[in-house]
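Right, I'll just put the structure down here and ask away after.
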Number of protein chains: 2
Amino acid sequence: MNKQKAQPVVGFSQHDHRRCVKKALKEADDYCELNQLRFTVVRRRTLGILLESHMAMGAYEVLERLKLEELGSKPPIAYRALGFLLENGFIHRIERLNAFVACSHPGSTHHPAFLICSDCGSVAEAAVSPNSDALSQTAEQSGFQIEHTTIEAEGQCPDCLQQVES
Amino acid sequence: MNKQKAQPVVGFSQHDHRRCVKKALKEADDYCELNQLRFTVVRRRTLGILLESHMAMGAYEVLERLKLEELGSKPPIAYRALGFLLENGFIHRIERLNAFVACSHPGSTHHPAFLICSDCGSVAEAAVSPNSDALSQTAEQSGFQIEHTTIEAEGQCPDCLQQVES
DNA sequence: TTAGTATTGATATAACATAACATTTTTTAC
DNA sequence: GTAAAAAATGTTATGTTATATCAATACTAA
Ligand SMILES: [Zn+2]
Ligand SMILES: [Zn+2]
Ligand SMILES: [Zn+2]
Ligand SMILES: [Zn+2]
């Protein structure tokens with residue numbers, strides 16, 4: 001991650017970002033109401049920050065943003081909010097980056113996979129069908145019961161590849 | 001603790017395991033000689049420590065072991081040795097655990113996948129064929145060029161599942 | 001209300017990792 | 001063989017990520 005800023009995270013294409021954020025927050029509102037989860041100010045705003053950014057953000061980066069809005073200033077504030085959002089599937093953790101990113105298609109349970117550009121830092125999420133991938137097959141063969149998968153690829157995104165060519 | 005398939009050293013009897021470690025070190029010796037790599041005492045011993053262990057080990061855990069043998073006492077010692085071993089494919093890094101594990105089948109280039117037991121901490125490595133998995137397909141479709149993959153599953157290993165049942 | 005539970009506030013520290021520079025060892029060129 | 005260059009190690013310091021703990025507050029339900 002050594003070049004510019006905010007790159008699209010949902011695939012590598014343009015989209016109406018503001019509407020996308022609003023929609024996602026609304027869906028989270030609904031989900032929390034339905035499941036009697038307490039979608040507090042800090043939690044909602046944390047999700048908002050990640051949705052707006054559309055980049056993977058570190059916990060301390062999120063915390064900086066929360067500080068600006070007087071929503072907390074100490075690490076546990078950020079980690080707790082992120083923990084809540086992770087548990088409820090609103091965000092994912094990118095292990096290779098020690099960072100967090102809003103889920104591109106929340107609501108449905110899925111095994112997310114991420115494509116991380118090492119040049120521009122953009123992160124794209126793709127759903128991998130749970131039972132067709134090689135990992136699940138290997139697990140099944142050996143009698144291992146998967147509860148969570150981490151599937152991440154690092155490399156060059158289409159945009160950055162193009163820039164090298166030209 | 002006995003598992004089938006592409007397992008590292010878990011479950012081997014003490015005698016077999018010793019031989020297995022010795023064999024792996026010998027292979028590393030040969031590889032380094034062939035490729036004119038400097039397989040120094042610290043590097044070789046670090047690989048030995050990981051081979052002997054039946055679990056993934058953190059860098060500071062490895063460092064503790066090196067300390068005991070007067071091979072270094074400060075973090076960079078361990079991280080440098082681990083870096084060398086990573087670069088040359090003798091070990092892998094498990095992102096979810098911030099830990100390192102000796103490769104189960106070094107020599108050949110492969111996309112390693114790991115099955116991590118959240119109960120007993122055992123880690124099994126399996127090779128995933130690079131071009132058949134869903135991740136590679138997704139990447140190819142979007143024009144993303146993969147350089148490195150992180151594929152990890154957390155859950156219950158067969159042994160730990162059995163213990164819950166009984 | 002009142003007790004119980006969930007969340008937040010705050011301090012401290014644990015765990016993981018690297019930057020920077022000095023020193024030593026090994027390799028290479030002459 | 002010696003000197004220069006390169007690689008590895010020693011050392012200090014610091015940066016980064018994450019959690020344990022306990023006090024205070026807010027929400028929930030009897
Ligand atoms: Zn998702
Ligand atoms: Zn890019
Ligand atoms: Zn391997
Ligand atoms: Zn187990």
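Just so we're on the same page: letters track the sequence lines, and every chain starts at 1.
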Checklist line | Presence of salt bridge, A:Glu61 and A:Arg65, under 4.0 angstrom | finding: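 Not counted as a salt bridge, because no side-chain N and carboxylate O are separated by less than 4.0 Å.
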
Next item on the list: Ignoring the backbone of A:Ile77, work out which of C:dC16, D:dA18, C:dT8 is nearest its side chain.
Entry: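 The closest nucleotide is C:dT8.
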
Notebook entry, point to check: Between D:dA18 atom P and A:Leu86 atom CG, what is the distance in whole Å?
Noted result: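 Result: 11 Å.
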
Margin query: What is the separation between atom CE on A:Met57 and atom C1' on D:dT17, rounded to the nearest whole Å?
Written below: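 Rounded to the whole Å, the gap is 15 Å.
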
Check: Whole Å only: how far is the CZ atom of A:Arg45 from the C1' atom of C:dT8?
Finding: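 Whole-Å distance recorded here is 18 Å.
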
Checklist line | Gap between atoms OH and P, on A:Tyr79 and D:dT21 respectively (whole Å) | finding: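 Rounded to the whole Å, the gap is 18 Å.
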
Margin query: Can you measure B:Phe39 atom CZ to C:dT27 atom C1' for me and round it to whole angstrom units?
Written below: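 B:Phe39 atom CZ is separated from C:dT27 atom C1' by 20 Å.
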
Next item on the list: Establish whether B:Leu86 and B:Leu25 are linked, either directly or via other cluster members, by ILVMFWY side-chain heavy-atom contacts under 4.5 Å.
Entry: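 Same cluster: B:Leu86 reaches B:Leu25 through Ile, Leu, Val, Met, Phe, Trp or Tyr contacts under 4.5 Å.
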
Next item on the list: Report the distance from atom CD of A:Gln36 to atom P of D:dC27, rounded to the nearest whole Å.
Entry: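 Distance check: A:Gln36 CD to D:dC27 P gives 16 Å.
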
Next item on the list: Counting heavy atoms from C-beta on, name the nucleotide in C:dT18, D:dA18, C:dC16 closest to the side chain of B:Asn98.
Entry: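 My answer, after comparing the listed nucleotides, is C:dC16.
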
Check: Could you state the CG-P distance from A:Leu82 to C:dT7, rounded to the nearest angstrom?
Finding: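 Value for this atom pair: 15 Å.
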
Notebook entry, point to check: B:Glu33 CD to C:dT26 P: how many Å, rounded?
Noted result: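 Interatomic distance, CD of B:Glu33 to P of C:dT26: 16 Å.
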
Check: Parallel, tilted or perpendicular for B:His92 and B:His110, by the 30°/60° rule?
Finding: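 Rings of B:His92 and B:His110: perpendicular, over 60°.
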
Next item on the list: Kindly say if A:Tyr60 contacts the phosphate of D:dT16, meaning a side-chain N or O under 4.0 Å from OP1 or OP2.
Entry: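 Result: no.
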
Check: Between B:Arg93 and C:dA17, does any side-chain N or O lie under 4.0 Å from OP1 or OP2?
Finding: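 For C:dA17, OP1 or OP2 has a side-chain N or O of B:Arg93 closer than 4.0 Å.
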
Notebook entry, point to check: Can a side chain N or O of B:Thr40 be found less than 4.0 Å away from OP1 or OP2 on D:dT9?
Noted result: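 For D:dT9, OP1 or OP2 has a side-chain N or O of B:Thr40 closer than 4.0 Å.
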
Margin query: Looking at B:Arg93 and B:Glu152, is there a salt bridge between them, counting it only when a charged N and a carboxylate O are closer than 4.0 Å?
Written below: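 Judged by the 4.0 Å cut-off on N to carboxylate O distance, B:Glu152 and B:Arg93 do not form a salt bridge.
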
Notebook entry, point to check: Does a side-chain N or O from B:Arg80 land closer than 4.0 Å to OP1 or OP2 of C:dT18, or not?
Noted result: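 Indeed not, no polar side-chain atom of B:Arg80 lies that close.
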
Checklist line | Given DNA chain D, 5'-ward residue of the pair B:Lys74 and B:Arg38, judged by closest heavy atom | finding: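 Nearest-nucleotide comparison on DNA chain D picks B:Arg38.
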
Next item on the list: Select from A:Ala59 and B:Leu37 the residue whose nearest nucleotide in DNA chain D is closer to the 5' end of that strand.
Entry: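 Per heavy-atom nearest nucleotide, the more 5' residue is B:Leu37.
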
Item checked: Shortest non-hydrogen contact from B:Phe100 toward B:Leu50 ->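 The answer is O-CD2, 3.5 Å.
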
